[in-house]
Amino acid sequence: MPELPEVEVVRRGLEPKVAGAIVQSLSVREPRLRWPVPTDLARRLRGARLRSVGRRGKYLLFDFGAGTLIVHLGMSGQLRLRAPGTRAERHDHVDIETSAGLLRFTDPRRFGAILWHDAAQGDVLAHPLLAHLGVEPLSSLFDGALLYRLSRGRSLTIKQMLLSGREVVGVGNIYASESLFRAGISPRARAGRLSRVRCDALAEAIRQTLRDAISRGGSSLRDFVDSDGAHGHFQLDCQVYGRAGEACRRCGAMIKIIRQQQRSSFYCPSCQRP
DNA sequence: CACGACTCCTGCTGGC
DNA sequence: TGCCAGCAGGAGTCGT
């Protein structure tokens, strides 16, 4: 479900409400997520005070001082703040009862993850899952120069490079297609062949696409909801994603769909060049 | 190292 | 109308 904008929308929704909250209890109904929920999590969290809610790529980072709760929403995860006592339904796998309310993790496909990183093990950003992530696309470190430098000598397609998360994080299948359309670049273009000018255009397109999506409250393709259960509106503005066979809004040509690495890519064959 | 295929899981949807 | 194959927004791991 969630790419960077959706995760950021969840983070922004939660942070002002739960920062400073004390954890009262934690209950795990289904520990079998992408990796097992740590068995000692309840003991570690009980009585702990949540300092802040951060984000790295698509990972949410709940800082408790003594350690960090790492949460990934996978493809179908939700993290919502509910009234205490709200009845658990199917796929409501983990509840964190806090002084600010019930923080509930729901994930039908169980591709999500809830992990603990102890402060004694060092900076959470050095965690194996986070250490090799690319640059944050909305930070000042990300621009066309970086994209150009990191793509030299690479034979994979630009779509695949964006999805890998090793150069830039947070761009998933929807926003990769949308960003490439904005930049006029075919998803099939070889990353290593992109000119500096086109890298500039792509970096700017990625930043604009993600900012727009965040400001609209995230994509609501399928079932994305924010921490209050509200749906986003980005899907209303998709230029190519999910529009195979329809007319390009810019030139009228028919939007195409192709498969790349088992994922669909949507693009306008007229507006986007290899 | 770089790259691509495979995999985990449940819920829909589209085509028959 | 009903059924079911195939596809879905992620990304770590493994084989080449």
Side-chain angles (χ1 to χ4, degrees), chain A residues 1-10 29-37 55-60 70-79 89-94 105-115 127-134 137 150-180 187-188 190-193 206 209-210 212-214 216-226 231-245 257-266:
Chain A
M1 169 199 341
E3 302 185 32
L4 185 147
E6 290 73 38
V7 177
E8 179 63 14
V9 165
V10 169
R29 278 178 219 88
E30 174 55 86
R32 295 175 302 167
L33 304 183
R34 170 114 202 214
W35 298 280
V37 177
R55 179 186 60 73
R56 179 75 176 95
K58 299 170 191 170
Y59 293 89
L60 287 166
I70 302 173
V71 177
H72 197 290
L73 301 178
M75 281 172 76
S76 58
Q78 295 178 14
L79 201 51
E89 297 180 30
R90 191 162 148 78
H91 307 310
D92 290 343
H93 304 315
V94 177
F105 178 83
T106 307
D107 185 6
R109 290 175 72 180
R110 292 194 276 123
F111 284 3
I114 297 182
L115 298 168
H127 187 281
L129 291 173
L130 308 180
H132 303 294
L133 294 180
L150 295 179
S151 60
R152 292 312 87 185
R154 307 292 299 278
S155 65
L156 77 180
T157 65
I158 184 60
K159 169 84 181 316
Q160 183 55 20
M161 194 176 104
L162 293 179
L163 288 185
S164 79
R166 294 179 58 84
E167 292 76 24
V168 56
V169 292
V171 183
N173 209 36
I174 293 181
Y175 299 119
S177 278
E178 292 298 306
S179 298
L180 286 167
R188 286 200 248 234
R190 297 286 154 181
R193 307 286 295 266
I206 289 169
T209 302
L210 298 181
D212 284 1
I214 292 170
R216 283 165 171 74
S219 162
S220 77
L221 266 181
R222 301 195 184 275
D223 51 4
F224 171 72
V225 295
D226 66 16
H231 289 265
H233 303 290
F234 182 83
Q235 86 289 356
L236 300 175
D237 300 305
C238 274
Q239 299 293 310
V240 289
Y241 188 86
R243 299 193 64 238
I257 178 172
I258 57 172
R259 300 287 296 178
Q260 294 180 290
Q261 283 74 40
Q262 352 269 20
R263 314 296 298 277
S264 6
S265 296
F266 298 85

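Treat the numbers as computed from the prediction; the structure is a model and nothing was measured. Each chain gets a letter, A, B and so on, in the order the sequences are listed, and its residues count up from 1.
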By the Watson-Crick or G-U definition, both distances under 3.5 Å, dT16(C) is matched with dA2(B)
Roughly, in whole Å, what's the span from CZ in Arg263(A) to P in dA8(C)? 8 Å
Proximity to the side chain of Lys58(A) - top-ranked nucleotide from dA11(C), dG4(B), dA2(B): dA11(C)
Between atom CG in Leu156(A) and atom P in dT16(C), what is the gap in whole Å? 21 Å
Taking for each residue the nucleotide of DNA chain B with the nearest heavy atom, is it His91(A) or Arg34(A) whose nucleotide lies nearer the 5' end? Arg34(A)
Can you check whether Ser155(A) has a side-chain N or O nearer than 4.0 Å to OP1 or OP2 of dC3(B)? yes
CZ of Phe266(A) versus P of dC7(C): gap in Å, rounded? 12 Å
Whole-Å distance, Lys159(A) NZ to dA11(C) P, equals 13 Å
Whole-angstrom distance between dC7(C) and dA5(B), as gauged at atom P: 15 Å
Please report the shortest heavy-atom distance between Ala113(A) and Arg34(A), naming the atom on each side. CB-CB, 4.3 Å
Under 4.0 angstrom, heavy atoms only, what part of the nucleic acid is Leu129(A) near: base, sugar-phosphate, or nothing? sugar-phosphate
Would you indicate which nucleotide in dT10(B), dG10(C), dG12(C) comes nearest to any side-chain atom of Arg90(A)? dT10(B)
Which heavy atom in Asn173(A) sits nearest to a heavy atom in Ser264(A), and how many Å separate them? ND2-O, 3.0 Å
Test item: side-chain donor near acceptor, Thr209(A) and Glu178(A), under 3.5 Å: no
Sugar-phosphate, base or nothing in reach of Arg166(A), heavy atoms under 4.0 Å: nothing
Less than 4.0 angstrom between a side-chain N/O of Tyr241(A) and OP1 or OP2 of dA8(C), yes or no? no
Just the rounded figure in Å: distance from P of dT7(B) to CD of Gln261(A). 16 Å
For Arg188(A) and Ile258(A), indicate whether the former's side chain and the latter's backbone hold a donor-acceptor pair under 3.5 Å. no
Starting at CG of Asp107(A) and ending at P of dA8(C), how long is that distance when rounded to a whole Å? 18 Å
Distance below 4.0 Å between Ser164(A) side-chain N/O and dA11(C) OP1 or OP2: no
For the side chain of Arg109(A), counting heavy atoms from C-beta on, which of dT10(B), dG4(B), dA5(B) is nearest? dT10(B)
Taking the inter-plane angle between the rings of Phe105(A) and His93(A) on a 0 to 90° scale, is it parallel (under 30°), tilted (30 to 60°) or perpendicular (over 60°)? tilted
Measure from the side-chain heavy atoms of Pro108(A) and tell me the nearest of dG4(B), dG11(B), dC9(B). dG11(B)
Looking only at dG12(C), dA8(C), dG4(B), the nucleotide nearest the Trp35(A) side chain is dG12(C)
Separation of Gln262(A) atom CD from dG10(C) atom C1', in whole Å? 13 Å
Would you say whether Phe111(A) stacks on dG10(C)? The test is a distance between ring centres of less than 5.5 Å and an angle between planes of less than 30°. yes
Starting at atom CG of Leu163(A), determine the distance to atom C1' of dG4(B), rounded to an integer number of angstrom. 13 Å
Ignoring hydrogens and geometry, is there a side-chain-to-backbone donor-acceptor pair from Arg152(A) to Arg154(A) under 3.5 Å? no
Looking at Arg154(A), does any N or O in its side chain come under 4.0 Å of the phosphate oxygens OP1/OP2 on dC3(B)? yes
